[in-house]
Amino acid sequence: MATTAGVYRNGNYSRNSLSTNTNKVEKPLSVNSNPKNSLKSKSLPGSGLRKSAPPSLGAAKDDTGVPGRVRVAVRLRPRNEEEMVADADFADCVELQPEVKRLKLRKNNWDSDTYEFDEVLTEFASQKRVYEVVAKPVVESVMDGYNGTVMAYGQTGTGKTYTLGRLGEEDTAARGIMVRAMEDILVDVSLETDSVSVSYLQLYMETIQDLLNPTNDNISIVEDPKSGDVSLPGASLVEIRNQQSFVELLRLGEAHRFAANTKLNTESSRSHAILMVHVKRSVKGRDSILSNENGNNSHMAKSLKPPVVRKGKLVVVDLAGSERIDKSGSEGHALEEAKSINLSLSALGKCINALAENSAHVPIRDSKLTRLLRDSFGGTARTSLVITIGPSPRHRGETTSTIMFGQRAMKVENMLKLKEEFDYKSLSRRLDIQLEKLIAEHEKQQKAFENEIERVTTEAKHQILESERNYAVKLEKEKLNYQKEYMESIKKLEEKWMMNQQKHAGGENAAGLKDESSNWISNGEDSRVANMEELCEMKKKLQKETLLRKAAEEEVNKLKSQLAELKKSEALAKSDMSKLQKMLEDEACQKEKLEGEIAILHSQLLQISFEADETARRIDKGGSEKVPGSLDSLLSQVRQPQTNDLGNGEKSSIAKLFEQVGLQRILSLLEAEDVDVRIHAVKVVANLAAEETNQEKIVEAGGLKSLLMLLRSSEDETIHRVAAGAIANLAMNETNQELIMSQGGIRLLSMTAGSAEDPQTLRMVAGAIANLCGNDKLQMKLRGEGGIKALLGMVRCRHPDVLAQVARGIANFAKCESRASTQGTKNGRSLLIEDGVLPWIVQNANNEASPIRRHIELALCHLAQHEVNAKDMISGGALWELVRISRDCSREDIRTLAHRTLTSSPTFQAEMRRLGIDYQ
């Protein structure tokens, strides 16, 4: 048996803890395992174990999840130095039987109660052993896409923080569950495709505070009305890339956690610490790997299926220790802390009791702790609870309470649900790559087509030149043949003519011979006639050859004209091709220029949108104590710097974008096909509208009409939110208010309020309507187009910022009605009362949020100034609120207004006398 030194953070464990090496490996309880029965026995002769069976937990599986009971382990802390001295003569109040997973709680020397748990961990159990049996199954479930919770519960000073949050910097074997869980998570995830991010919070005096950002000291809980999931949008979320950065975050959070010195613990935690680890993993084995995206086209249809991601959340809860005031000696502020801790733990115990008994009502809203843990007990998470106890018989009562808490928790069954969804962002990246590939292929085909046209044109030119050369050669050859034949024909004719001349001359020389007969003369005449006929025939042949030559020349001229036409057509084709090529080059240059401008504009829009979102988040975080009176004042905080550099930087960025791009071009982007471009453009317009000097320019350029068109045509929640915020800024001007009403703005805002679920969108819409409520001329039209009912409908959200804007709008409307009644332009009951707003006003007149309460108090006072409303207000319970306001309101002007109203109204005076209210 080896000894290892261990020190509890709580300060009560200073002796050496012992760890034994055992060959027994305990198998963690299965998700679907049945609960262990609670065993209770007395040490009497012949008495066996008396079992108390819990309710049946073998619920049938369905398509919505897998049954999984809460697993509970008990861990015993060894005696500390004080207990070794004070309890030296007394035995431990508990006896552990880890082999059979049982615990005996001694009542006295002869009587004890026996309880059975999923795991029993002795004082010698190592931190590694505790992690493997308590937390490792939960971590594995989180890696598979389920939610998981590991929680420590017990009396102060019993080692909860040591079990969960020990960093183990001096002794790695002492590392707690938080550190070991992150080690396993980082081993299993791939940093290229997966992500791990954490939030570290504390619940102190019923306020949720960010341990990683102490200035964020009042984080609100947001519940999804459809799924019931709980989220903390205001908490810091830090991405984890390695174990060292995680340990640094834990050290930072522990430094900000509240602790105090009590009689039971020198460093007692005074808050509940909550570590949330969000794990997002891509599911392998499906078409989710981008490396296949450059394959052939046969995979294109298959790659259109979006990849699947699994999102698991691990919640590690280090509860503050329960304590008895008489034992801890807490007083003053420490006493208030102890009361708050005990109240939240009591609320948690009530919820577990209700779940264990299958009660129809579970008081989940009694505490913020139970609201945060609603998914851990009776929800969809796999939950493992470790209860820590001490051995001292002086604390038997607290030990018994802790054990019974664990026994009841074992009866709670959760329904585990796989958190799996499609990764549309990855699909978008894949489609972008495919689009780029298709564009490149198209450009390649276009280039090949142009090359082919050029090749065919070159070949045609060569063929035309070859044909011209061949034609010229043949024409010249034919011409020479004609000339040769012509010359030969002339030569033959000349020879025959000479012969005929010679014959004719010989006949004349012999004329003197008178002895020639008449036959010779006749023969000469015949020969002459024959020669003349032959000459005529030769002339005909010559004429025929001349005609043939002319026909050939005409054919040559015709071919030359055709060749000229071909050359002219070729020149026209070249001219058209050069024009088309120039047009293509001009279009390519124009496209490149436009793409460059769009890229620059997009980057500027992204920068401005990012700065605006960052500033808005800082306002939301720092503005929970005071809600601005209007959307204009809310956005004006962007310009009132939390640091001067922030406000000046954002203002200069917006002014620079406005100057470089121009308002018309920014407004034209509101109609872009790309949703992201429209979102960033409307954010820039909203920031510009926050400046009073820009509002007139925006309205003149058609910006108001474009914003209203976005509300009508777009289905994007972000566009609705930002557009409503911009309209709210423009609605600060009376002229713009009339334009908004004339263009159907109140109807569009009412429709947006009816369909929106996001609190920020509802806040912006409510702020815009609230500004319109302050115009005396628009009251009837605003009410007729559903403005009052839209305000009243938005109270379903219950978000304090939304309620503050609703209350401001009602106060503005009531103020205008009061002014109209005083001037004599209005008679009859208030339109607010007719539309049923009074019950909500009375219900929230004493709201804990000061901005809501202040506006409602003003609305009540304005309604009460008109005597015709007095009876309705009395019957609706508003009189008591007016009396309270006149006495207890923190603002003197409202208190004075309520007092003056009560004393000047005969109806209120008569009712107060009837009720016996002494009011002066």
Side-chain angles (χ1 to χ4, degrees), residues 35 38 52 54-57 59 65 67-74 115 117-118 138 147-155 160 164 201-208 220-225 227-232 271-276 313-323 338-388 398 400-417 798:
S38 174
S52 58
S56 174
L57 298 174
R69 179 180 57 79
V70 175
R71 298 183 72 252
V72 181
V74 59
Y115 302 93
F117 291 92
D118 294 305
V138 178
N147 288 345
T149 302
V150 178
M151 188 172 73
Y153 178 92
Q155 183 189 9
K160 297 181 297 301
L164 297 181
L201 314 165
Q202 70 173 350
L203 179 59
Y204 176 71
M205 299 285 285
E206 280 303 298
T207 59
I208 302 175
S220 59
I221 301 174
V222 177
E223 298 179 15
D224 190 331
S227 63
D229 292 340
V230 175
S231 61
L232 301 169
S271 65
H272 307 299
I274 304 165
L275 175 70
M276 294 184 178
K313 181 173 71 173
L314 174 64
V315 179
V316 184
V317 184
D318 179 12
L319 295 174
S322 60
E323 61 182 56
K339 289 180 180 178
S340 177
I341 293 170
N342 290 337
L343 283 174
S344 60
L345 294 177
S346 175
L348 177 61
K350 290 179 182 178
C351 290
I352 290 179
N353 286 344
L355 291 169
E357 296 171 0
N358 293 324
S359 174
H361 173 65
V362 180
I364 201 75
R365 294 188 172 277
D366 286 0
S367 171
K368 288 187 177 180
L369 177 63
T370 54
R371 291 178 65 190
L372 289 171
L373 297 178
R374 67 179 304 172
D375 193 45
S376 304
F377 293 96
T380 62
R382 179 171 187 175
T383 301
S384 188
L385 171 67
V386 55
I387 60 173
T388 57
E398 290 82 353
T400 302
S401 176
T402 302
I403 291 173
M404 295 310 297
F405 179 89
Q407 290 288 296
R408 288 189 293 269
M410 289 177 66
K411 299 178 182 180
V412 177
E413 183 172 2
N414 296 345
M415 187 63 67
L416 309 186
K417 289 185 180 179
R798 298 188 179 181

How far does CZ of Phe377 sit from OG1 of Thr383, to the nearest 0.5 angstrom?
-> 5.5 Å
Give a yes or no on whether Lys368 atom NZ has more than 12 heavy-atom contacts from other residues, nucleotides or ligands under 6.0 Å away.
-> yes
side-chain contact (heavy atoms from CB on, under 4.5 Å) between Leu319 and Met151, intermediate numbers included | CA-CA 7 Å; Leu319 295 174; Met151 188 172 73; 3.8 Å; yes
Any donor-acceptor pair under 3.5 Å from Thr402 side chain to Glu398 backbone | yes
At what distance, to the nearest 0.5 angstrom, does CZ of Arg374 lie from CD1 of Ile221?
-> 10.0 Å
Nearest-0.5 Å distance, NE2 of residue His272 to CG of residue Leu369 | 5.0 Å
In this structure, CG of Asn414 is separated from CZ of Arg69 (nearest 0.5 Å) by 10.5 Å
Please name the pair of heavy atoms, one in Val230 and one in Glu223, separated by the smallest distance, quoted to 0.1 Å.
-> CG2-CG, 4.1 Å
Separation of Ser231 OG from Lys313 NZ (nearest 0.5 Å) | 8.0 Å
Nearest-0.5 Å distance, OG of residue Ser271 to CG of residue Leu201 | 10.5 Å
Quick check: does any side chain N or O of Lys160 sit under 3.5 Å from a backbone N or O of Gln155, one acting as donor and the other as acceptor?
-> yes
Those residues that, when tested against Arg408, pass salt bridge (Lys or Arg N to Asp or Glu O under 4.0 Å) (two or more places apart) | none
Taking side chain as C-beta onward, heavy atoms only, is Phe405 less than 4.5 Å from Leu385?
-> yes
Over all heavy atoms of both residues, which pair between Thr370 and Pro363 is shortest? Give the atoms and the distance, please.
-> OG1-O, 4.3 Å
For Asp375, the side-chain hydrogen bond (donor to acceptor under 3.5 Å, both in side chains) test, sequence neighbours excluded, returns Asn147, Thr380
Please report the closest heavy-atom contact between Thr149 and Ala381, naming both atoms and the distance.
-> OG1-CB, 4.1 Å
With a 4.5 Å limit on heavy-atom distance, are the side chains of Leu372 and Ile208 in contact?
-> yes
Hey, does Phe117 have a side-chain heavy atom less than 4.5 Å from the side chain of Ile387?
-> yes
Can Met276 and Leu232 be said to form a side-chain contact (heavy atoms from CB on, under 4.5 Å), step by step?
-> CA-CA 10 Å; Met276 294 184 178; Leu232 301 169; 3.8 Å; yes
Smallest separation among heavy atoms of Gly406 and Val72, with atom names | O-CG2, 3.6 Å
